[in-house]
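First up is the structure itself, then whatever we jot down about it.
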Amino acid sequence: MLASEKQLEELIDALLSLASSERGLQCRDPVDLAAVTDEAIAARREEIDSRGLVCEAALDGALVKGDKQLIERLVANLVDNAIRHNTHGGKIDVATATTVEGAVLSVENSGPTIATAEIERLSRPFERLAAERTSGGDGHGLGLSIVQTIAQAHDAALVVAPRVEGGLRVRVSFPAS
Ligand SMILES: Nc1ncnc2c1ncn2[C@@H]1O[C@H](COP(=O)(O)OP(=O)(O)O)[C@@H](O)[C@H]1O
Ligand SMILES: [Mg+2]
């Protein structure tokens, strides 16, 4: 059940961005992943601190041609996941860079161990790890589906992998423009 009007608003917002990125890109503007990521982290500073998380960011300029709003949404979802599905006192490593393959964003976090077999399921709408499905908490299980759709709309490759020490590693590589 939806606990509040705010949650309902967030759900509608998430569904709309899912639908709009499925239509394909409306604009291809130059967007710096580093700047977008820096802002996303800054906006969540309080939440990061209150959870005792250490967030390390190595943000090198990484220019992408795309829809700024959708890219902001992609980055926000990944950073939110790294914060919310972490353990208290855990770690987050975020990096952006320009490589020969293009602009890359990587978000890595500590957290409970995830089985490789779970990864594909977690990227589907409304799917979450069993513990989180029953405990409620925030989120609707749409974040990774949105990330996938937005990446696809930008012809970006998305790799989601569990870390042996627990938690997740996500890498989005945008094509060189
Ligand atoms: N960075 C992460 N670290 C650990 N688990 C994650 C991470 N991102 C996603 N997950 C797992 O995948 C599920 C689906 O993620 P998502 O689609 O963003 O939905 P939500 O965050 O709303 O639960 C999460 O509920 C969580 O179990
Ligand atoms: Mg999420």
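Counting convention: from 1, in listed order, for ligands and their atoms alike.
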Quiz item: Just wondering, more than 12 heavy atoms not from Gln69 lying within 6.0 Å of its CD?
Solution: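 Not buried by this count: 12 neighbours or fewer within 6.0 Å.
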Practice problem: May I ask you to check whether over 12 heavy atoms, not counting those of Glu120, lie within 6.0 Å of atom CD? | Solution: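 No, because the 6.0 Å sphere around CD of Glu120 holds 12 heavy atoms or fewer from other groups.
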Quiz item: Run the side-chain contact (heavy atoms from CB on, under 4.5 Å) check on Leu168 and Asn81 step by step: do they pass?
Solution: CA-CA 9 Å; Leu168 208 66; Asn81 278 350; over 6 Å; no
Quiz item: Taking it one step at a time, do Arg44 and Asp80 satisfy salt bridge (Lys or Arg N to Asp or Glu O under 4.0 Å)?
Solution: CA-CA 8 Å; Arg44 290 158 179 82; Asp80 277 339; 2.6 Å; yes
Exercise. Using a 4.0 Å heavy-atom cut-off, say whether Ile114 meets ligand 1 through its side chain, its backbone, both or neither.
Key: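 Ile114 to ligand 1: side-chain contact only, backbone stays beyond 4.0 Å.
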Exercise. Classify the contact between Leu122 and ligand 1 as side chain, backbone, both or neither, using a heavy-atom distance cut-off of under 4.0 Å.
Key: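 For Leu122, the contact with ligand 1 is made by both the backbone and the side chain.
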Exercise. Can you figure out which of His85, Glu118, Arg121 has its heavy atom closest to atom 24 (C) of ligand 1?
Key: His85
Practice problem: Quick one: name the protein N/O/S atoms under 2.8 Å from the Mg ion (ligand 2), chain by chain. | Solution: Asn81 OD1
Quiz item: Does a side-chain N-to-carboxylate-O contact under 4.0 Å join Arg171 and Glu108?
Solution: no
Self-check item: CD1-CD1 distance between Ile92 and Ile41, expressed to the nearest 0.5 angstrom
Solution: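 The distance works out to 8.0 Å.
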Quiz prompt | Spatial distance of atom CG (Leu53) from atom OG1 (Thr87) [nearest 0.5 Å] | solution = 7.5 Å
Quiz item: Does an N or O anywhere in Arg128 fall below 3.5 Å from an N or O of ligand 1?
Solution: yes
Quiz item: Looking only at distance, does Leu144 have an N or O less than 3.5 Å from an N or O of ligand 1?
Solution: yes
Exercise. Kindly say whether Asp60 contributes a backbone atom to a donor-acceptor pair with the side chain of Thr96 at under 3.5 angstrom?
Key: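 The answer is yes, because a donor-acceptor pair under 3.5 Å joins these two groups.
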Could you tell me, atom by atom, which parts of ligand 1 come under 4.0 Å of a heavy atom of [X]?
{"X": "Gly143", "result": "16 (P), 17 (O), 18 (O), 19 (O)"}
{"X": "Gly141", "result": "17 (O), 19 (O), 20 (P), 22 (O), 23 (O)"}
{"X": "Ala82", "result": "1 (N)"}
{"X": "Leu142", "result": "17 (O), 19 (O)"}

Quiz item: Which salt bridge (charged side-chain N to carboxylate O under 4.0 Å, His left out) pairs, counting each pair once, include a residue from residues 85-99, with sequence neighbours left out?
Solution: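 Counting only pairs at least two positions apart or across chains, the salt bridge (charged side-chain N to carboxylate O under 4.0 Å, His left out) contacts touching residues 85-99 are Glu56-Lys91, Lys91-Asp93.
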Quiz item: Has Asn77 got any heavy atom lying under 4.0 angstrom from an atom of ligand 1?
Solution: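 The answer is no: ligand 1 sits nowhere under 4.0 Å from a heavy atom of Asn77.
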Practice problem: Is it possible for you to say whether Leu59 and Val75 belong to one hydrophobic cluster, with membership spreading through side-chain heavy-atom contacts below 4.5 Å? | Solution: yes
Exercise. Could you give me the CA-CA distance, side-chain angles and deciding distance for Lys68 and Asp29, then say whether side-chain contact (heavy atoms from CB on, under 4.5 Å) is met?
Key: CA-CA 7 Å; Lys68 183 154 192 258; Asp29 299 320; 5.7 Å; no
